Structure formats: structure tokens, C-alpha cells
Protein chains: 2
Amino acid sequence: MAARRSSPPARRSGAGPRPSGRKAQGRGGPRPGAGGSGRSLPRGNREAQEKAIVEAAERVFAGAGFGGATMAEIATAAGLPKPNLHYYFGSKRALYRAVLERTLREWLEPADCIVAKADPREALEGYIREKMRLSFTCPYASRVWANELLHGAPELRTTLVRTLRPLVRRKAAVLDRWIAEGRMAALDSKQLFFTIWAATQTYADFAVQICAVLGVEKLDQRAQERATEHVVGLILRGCGLAGTRSSRRK
Amino acid sequence: MAARRSSPPARRSGAGPRPSGRKAQGRGGPRPGAGGSGRSLPRGNREAQEKAIVEAAERVFAGAGFGGATMAEIATAAGLPKPNLHYYFGSKRALYRAVLERTLREWLEPADCIVAKADPREALEGYIREKMRLSFTCPYASRVWANELLHGAPELRTTLVRTLRPLVRRKAAVLDRWIAEGRMAALDSKQLFFTIWAATQTYADFAVQICAVLGVEKLDQRAQERATEHVVGLILRGCGLAGTRSSRRK
DNA sequence: CAGTCAATTGACCAAATGGTCAAAAGTGGG
DNA sequence: CCCACTTTTGACCATTTGGTCAATTGACTG
């Protein structure tokens with residue numbers, strides 16, 4: 001755990017005067033190792049590499065959690081040698097944080113449609129549909145996020161308080177106004193967000209369970225639409241916003 | 001009585017011809033080892049020990065996932081030396097499975113109240129309330145389960161298909177009958193289960209997020225009741241079961 | 001072409017971890 | 001008290017894993 005290494009990616013700066021134990025000496029076998037190698041990816045610039053690494057990391061972290069994922073696995077998934085990940089991100093934790101930050105953006109964005117001047121039903125329906133769409137199209141991001149929360153959010157507890165909380169406060173205020181104006185049922189607006197998040201992201205986070213119960217290998221277009229209509233319908237009705245027109249498709 | 005050993009702790013199954021590497025041996029010397037010791041726990045019988053281990057494991061697995069949890073940590077949490085865990089469960093995976101199996105029972109039980117002869121509103125309300133209660137009282141179990149699903153359910157995919165699926169099929173049939181009889185709104189009964197699970201368990205799985213957004217350290221009795229009334233109200237309304245009487249408290 | 005700096009990579013290492021052993025302690029019967 | 005059997009432990013080990021380095025390659029400039 002030494003090497004705190006808070007320094008940014010490259011920033012190699014002067015030659016690390018690391019005391020380096022360096023006791024070493026040849027282990028028993030020289031280990032041919034090496035083997036193959038041969039470059040494979042048409043490396044692009046720094047940005048492209050970082051993106052490739054973060055995307056690979058997202059998949060691996062989503063599939064095994066922070067503790068279960070290994071840098072070697074991520075490196076393989078990204079098609080790069082392991083030291084490369086450290087070159088760009090410094091440490092496993094730093095890479096993990098990068099993945100989480102990327103996820104946060106996707107997480108907050110959909111709420112943009114909830115504004116005072118919008119129509120309550122349209123705004124909420126749009127929000128739910130967008131959340132459902134993201135659950136189906138970007139399940140990895142949702143899972144990484146879920147995994148982090150599940151384990152107590154060790155990396156982003158402060159982010160939750162500093163970013164998510166204010167956002168929810170603002171959006172909840174909008175809902176409260178709609179409620180006060182009698183435009184939707186009276187309910188706890190913050191809790192409503194929790195329910196919407198849960199109901200929509202369950203299709204990304206717990207997809208295996210849903211597929212197992214439905215007896216399918218994977219949710220096809222048709223099943224995704226069914227699920228979306230169900231969630232939209234149930235929640236809108238729960239909010240007293242049951243549009244007369246069921247608003248087929250988006 | 002040899003019978004004692006009925007419960008096959010390490011699955012050693014008879015003369016398990018475990019291929020066990022059984023490599024070398026003859027360590028340096030006999031190693032005096034066995035120094036002080038000083039027992040600490042008033043050990044009970046086999047059953048009590050296993051229970052203590054599983055409970056400790058549940059907490060640790062919930063907090064770090066399968067990959068992030070370590071046997072040493074679980075041993076410490078259980079107040080036992082590490083080899084003890086292996087003596088009773090054989091391996092980390094086996095212990096993990098034991099935890100999951102324990103969780104499964106809690107998971108399925110609450111659905112018992114959903115039977116054809118029951119009143120739709122009362123049955124669903126009771127189910128949701130029980131799920132909420134479990135989320136608040138046994139968050140660890142829910143988190144272990146969630147973590148397993150999140151990572152693709154490598155250990156219990158078959159259990160999902162063989163146990164959960166049939167159960168949902170039966171319960172969904174009950175709901176479908178109620179729907180056909182016009183006793184509740186027409187909706188996809190299986191999807192309804194997904195939504196109920198998600199909406200209720202989010203209070204266990206993602207408690208940190210909820211606490212962060214609400215700006216509290218922990219959900220107290222009052223907050224738990226608020227959350228419960230919210231979920232019950234929203235879903236019942238969504239199912240067209242809005243009891244005229246809001247059914248305060250249970 | 002030499003010089004400089006970013007990017008790349010194979011080889012290693014120290015620490016952590018799942019798992020194993022053999023030597024104790026109990027425990028109960030004869 | 002001896003014997004057979006179950007439990008309990010401290011000490012270890014093989015392997016995995018995050019992380020580091022020195023050396024090398026590539027691109028761009030003067």
C-alpha cells in the first residue's frame with residue numbers, strides 16, 4: 001500500500017528516488033515468459049487510450065466488483081499491457097474513480113427534463129423512459145454504480161452529498177410545486193425519486209434475475225418495451241398522472 | 001457415535017480421494033507451534049458455530065462482495081481462527097453459497113401471503129410491508145443477494161430458474177386472476193414483482209445513497225415509516241388498489 | 001540526424017490471500 | 001487410564017495481484 005501516488009497520470013517527473021529495496025536476484029527459473037506479444041491496437045492519442053481503458057474497466061468492474069476485478073483482466077479487456085493502466089491512471093482505485101465519475105454524468109443527465117414549466121406527466125414520463133433506455137443500453141455503468149453503493153459508497157460518499165443531494169433537492173422542489181398546484185398526487189417527492197431509480201435500474205442491475213424469471217436469455221426489443229410501458233404506467237398511475245392516452249412508444 | 005458427523009462440513013465425502021496436490025511436505029521441522037492459545041469464545045456445538053460463521057460471512061460479503069471479502073476478515077468477524085472456517089465449510093465459495101442459501105429463504109417467504117382467496121389490496125399491501133420491514137431489519141442479506149445478481153449470479157443462476165421462477169409463476173397467476181376478475185388494474189403481473197422488489201429492497205441495498213440524499217446518518221423509525229407509506233401508497237395506487245382508507249400504519 | 005519528451009512494455013517484487021497441515025485439546029466409552 | 005473420534009489452532013505455503021522500473025519505441029523539432 002505504500003506509494004500513495006496522488007500525482008496525475010504521467011507526471012513521472014524526476015527519476016523516482018524510490019529507496020527501492022531491490023534485493024532481488026534471479027528466482028529459480030528464468031521464465032521465458034514473453035511469448036507472443038505483438039502489438040495489436042492501433043494506438044491513438046492519450047484521450048482515446050484513456051477512454052478505451054475506462055470502458056474496459058467499466059465492464060470488468062461491473063462484472064466482478066472492485067475487489068473481484070483485477071488490473072490484469074482490465075488490461076486484457078482493453079487490449080493493452082498492464083503497466084499502461086498505471087501509466088494513465090496511477091492506481092486501481094484511481095481508475096475505479098474515473099469509471100465512477102464517468103457514470104455519474106449519465107446518472108444525473110436524464111433529470112434535466114424535470115423543470116417547473118414542463119407538464120408533470122410529460123416530464124416524469126420522459127424521465128422514466130430515459131432511465132429505462134439507459135438501463136437497457138448502458139447496463140455496465142448502472143452496475144458499477146450499484147456495486148459502489150452496495151458496498152457503502154467508500155469512494156463517493158462525499159459526491160453523493162455534494163452533487164446528488166442538491167440535484168434531488170432542486171428536482172423535488174419542482175415536484176412539490178406541481179403537487180401544491182394540484183397537478184399530481186400528493187406524495188413524498190424525494191422518495192419518488194428513489195422508487196423511480198429502483199424500478200428502472202433494476203432492469204440493468206438485476207437483469208439476470210429478470211431474465212431467469214421470465215425464462216429468456218436476454219430481453220429483446222419487445223420485452224424492453226413491455227417493461228418500459230409497465231414501469232411508466234405503474235408509476236404515473238401512482239402519481240395520479242394516468243394520462244388518458246397511454247402514450248404508446250416514445 | 002460416528003453419526004455425529006452427519007452434517008458433512010467440508011464435503012469431504014467419505015474417503016474423498018481428493019486429488020489434492022499433496023505436494024511435498026516435510027517442512028523444516030516439526031514446528032513446536034501450538035503456543036498459548038487462550039480460547040475466547042464459549043464455543044457451542046457444531047450448529048451454533050456454523051451459524052455464527054454464516055452470519056459473520058453475511059456481513060462481510062455484504063460489505064465487500066465475494067471478491068473483496070477475505071476469509072481472514074470473516075474469521076475475525078466470527079471470532080474464530082481462519083482454519084475453522086475451512087473445517088466447517090471447506091472453501092470460500094462453499095461458505096458463500098451457504099450464505100446465499102440462507103438468504104434465499106428470507107427472500108421467498110414473504111410471498112406466502114399472496115394467495116387467490118386473499119383480498120388483493122390486503123395481500124399486496126402486506127407483501128410490500130413485509131418486504132420493507134426486511135429491508136430495514138436485514139439489510140445484509142439483501143445486499144449479498146443483490147451483489148450476487150449484480151455480478152451475473154454465477155453461483156445461483158440455476159436456483160433462480162428452478163426456485164424463483166416457479167414461485168413467481170404461481171404468484172403471478174394469482175394476480176392475473178384478480179385482474180381478470182376486475183379486482184385490480186390490468187398490468188403485467190410479473191413485471192409488478194420486479195418493481196416491488198426493486199422499490200422495497202433499494203432501501204437495503206442503496207441505503208447510503210438514500211441517507212445521503214435525505215441528509216441523514218441513518219433512517220430512524222420515523223423515516224422508515226415514511227418510506228414504507230410512500231412505497232405502499234404509490235404501488236397500490238399504481239395497481240388501482242388505492243384503498244379509500246389510506247390504511248395508516250399496519 | 002541528434003535531442004527531447006511522451007508512450008509502451010517485459011520483467012519483477014512485496015504483500016495479501018485462499019487453502020493446508022500436523023500437532024494439540026476436548027469428549028465420551030470401555 | 002487408554003483409545004477413538006471430533007474440534008481447534010498456530011504455522012506455513014503456492015499463487016495471485018497491485019504496483020514499479022528500466023529500457024525501448026515513436027513522434028516531433030531544430
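The structure presented is a predicted model; accordingly, all values stated were derived computationally and were not measured.
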*asked:* Side chain of P81(B) only, heavy atoms from C-beta on: which candidate in dG18(C), dG10(D), dG10(C) is closest?
replied: dG10(D)

Just how far, in rounded Å, is [atom2] of [N] from [atom1] of [X]?
{"X": "Q49(A)", "N": "dG26(D)", "atom1": "CD", "atom2": "P", "answer": "14 Å"}
{"X": "F89(A)", "N": "dT8(C)", "atom1": "CZ", "atom2": "C1'", "answer": "16 Å"}
{"X": "L80(B)", "N": "dG10(D)", "atom1": "CG", "atom2": "C1'", "answer": "14 Å"}
{"X": "H86(B)", "N": "dC21(C)", "atom1": "NE2", "atom2": "P", "answer": "12 Å"}
{"X": "Y88(B)", "N": "dT20(C)", "atom1": "OH", "atom2": "P", "answer": "17 Å"}
{"X": "E50(A)", "N": "dT8(C)", "atom1": "CD", "atom2": "C1'", "answer": "15 Å"}
{"X": "Y87(A)", "N": "dT24(D)", "atom1": "OH", "atom2": "P", "answer": "18 Å"}
{"X": "M71(A)", "N": "dC12(C)", "atom1": "CE", "atom2": "P", "answer": "21 Å"}

_Donor-acceptor side-chain pairing of E55(B) and Y140(B) below 3.5 angstrom_ = no

*Should the heavy atoms of other residues, nucleotides or ligands under 6.0 Å from CZ of R226(A) be counted, would the total exceed 12?*
no

*Tell me, which pairs form a side chain to side chain donor-acceptor pair (under 3.5 Å) where one or both residues lie in residues 61-80 of chain B, sequence neighbours left out?*
none

*Report yes if at least one side-chain N or O of N84(A) is closer than 4.0 Å to OP1 or OP2 of dT9(C); otherwise report no.*
yes

_Residues that S142(A) engages under side chain to side chain donor-acceptor pair (under 3.5 Å), provided they are two or more places apart_ = Q201(A), D205(A)

_Heavy atoms only, 4.0 Å cut-off, all strands: where does P83(B) land among base, sugar-phosphate and nothing?_
base

_Heavy atoms only, 4.0 Å cut-off, all strands: where does A69(B) land among base, sugar-phosphate and nothing?_
sugar-phosphate

*dG19(C) base to K92(B) side chain: any donor-acceptor pair below 3.5 Å?*
no

